[in-house]
Amino acid sequence: MKVYKFGGASVKSADGIRNIVKIVSGVDGHLFIVVSAMGKTTNAMEVVLDHFMKTDKVASLTKLQEVEQYHAEIIGELFSHTALGFEAVKPLFDSLKNYINTAIADDYDRCYDYLVSYGELISTRIVSAFLQESGVLNAWLDMRKLLMTDSNHREANVRMDESKIRLKAAANFDDARIYIGQGFIGSNLKGDPTTLGREGSDYTAAVVGNLLDAESVSIWKDVPGILNADPRIFHNTVLIPELTYLDAVELAYSGAQIIHPKTIKPLENKQIPLYVRPFGSPAEAGSVIKASTTKPIDVPVLILRKNLVLVTIRPRDFSFVLEESLSKAFAVFNKHRLKISLIQSSAISISVCVDNTRYLNAALDELGNEFKVSYNTDLELLTIRGTNDSIIQETTAGRTIMLSQRTRRIARFLLKTEE
Ligand code: ASP
Ligand code: MG
């Protein structure tokens, strides 16, 4: 069997969903389809949640109304029998409204997972019903009942053993040839919905591939495949046809947006190839990530990660022991879910580059108990792999470099974001 994953951009419009039908119709064997929320629905649901948390039900329901309207327009454009589409999503919007009217806004992360996971439930209901209307029979699955996770809300980790039993029982290909399930969502063992971290649907696809022993996993994207740089930022990009799992992990760690960092492990563990394919031109090969390649990457790879903060800490009492300070500081970053993308140490201080998230201030406060803390915001980290001086010159010219690190193969520059 194969796993196909379609992201938010692929399902953002009626045309996109028609294209899914076209792509899926071309597959003969067993298929498991993983789908994200439509377009920017996850962001919109985060706004619904924010109003709910501030106990502003009216604002929360008004925003939800916009989300419903957006989906209604797609349904209206897509279905010959629009009632089929509306029937598929009505119970979901009813439960959402009921939740907003009656639930208690206590724990942000738990409420987040309950509310925001509906984006994927709604999109899969629509895609499943439209495949059905188009004659592509399929069975819809509720991944909240199949993908078991820990209780680390908003960044949950999948419990592979428990999930395997449930997923294999539900998706046994006896009653259907094609299954469709949500990316990004699962639940803990108590049955509370959880989410796997933003952009986590790739991770779902990889986990499903691993648990069902897929022959391959394909992620359909609105790009030609994996490029050596983000074409929205850099010129003259080229396609990288083949990458190893290790290449892919390195790129994801440096902040390449193309693949969620957790995606590679479940695939590597079972040596399942991952195809990144162009949604707009399904006949093209795209890129493949696998155990070994015949063509090593021979172009420089550029990755730009934005909205970073450089935090510099120094023990208050001048008693600097690097190992001790590092482990204390890392425990704080870890507790506040701040991902570290660069570290530099000096005689009396440590500088760490982390994402600017809503947890940053709490982490800085806690560090302040033991360290003198200073920080710079609005930074970008440029990683250049397979580096040479002319590329460095070209990409950093005129920029303020806050910090740089260079090995033979990789150069990294922390740059001030340009106004
Ligand atoms: N819908 C979720 C998000 O936008 C998950 C995903 O798209 O992968 O983050
Ligand atoms: Mg998405």
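In this chain, residues are counted from 1 in sequence order. We count ligands from 1, going down the list as the structure has it; atoms in each ligand are counted the same way.
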Could you pull out the closest heavy-atom pair between Cys111 and Tyr99, with the gap in Å? SG-OH, 3.6 Å
Considering only NZ, NE, NH1 and NH2 on the basic side and carboxylate oxygens on the acidic side, decide whether Glu87 and Lys90 come within less than 4.0 Å.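 Not counted as a salt bridge, because no side-chain N and carboxylate O are separated by less than 4.0 Å.
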With a 4.0 Å cut-off, would you call Asp192 and Lys190 a salt bridge?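 Yes, this pair counts.
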Gly200: heavy atom below 4.0 Å from ligand 1, yes or no?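 The answer is yes: ligand 1 sits under 4.0 Å from a heavy atom of Gly200.
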Taking only non-hydrogen atoms of His260, do any sit less than 4.0 angstrom from ligand 1? no
Is there any N or O on Thr42 that sits under 3.5 Å from an N or O of ligand 1? yes
Min N/O separation Glu199 to ligand 1 under 3.5 Å: yes
Answer with side chain, backbone, both or neither: which part of Ser201 has a heavy atom less than 4.0 angstrom from an atom of ligand 1?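 Both the backbone and the side chain of Ser201 come within reach of ligand 1.
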Within a distance under 4.0 Å of any heavy atom of Arg198, pick out the atoms of ligand 1 and give their elements. 3 (C), 4 (O), 9 (O)
I need the atoms of ligand 1 closer than 4.0 Å to a non-hydrogen atom of Ser36, numbered in the order shown. 6 (C), 7 (O), 8 (O)
Among Gln182, Met143, Met38, find the residue that satisfies the side chain to side chain contact (heavy atoms under 4.5 Å, CB included) test when tested with Thr124.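 Answer to the side chain to side chain contact (heavy atoms under 4.5 Å, CB included) test with Thr124 among Gln182, Met143, Met38: Gln182.
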Pairs where residues 31-49 contributes a residue and the test salt bridge (Lys or Arg N to Asp or Glu O under 4.0 Å) is met, not counting sequence neighbours: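 Those involving residues 31-49 are Glu46-Arg198.
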Using ring centroids (six-membered ring only for Trp), state whether Tyr179 and Phe173 fall under 6.0 Å.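 Yes, the ring of Phe173 comes within the 6.0 Å limit of the ring of Tyr179, centre to centre.
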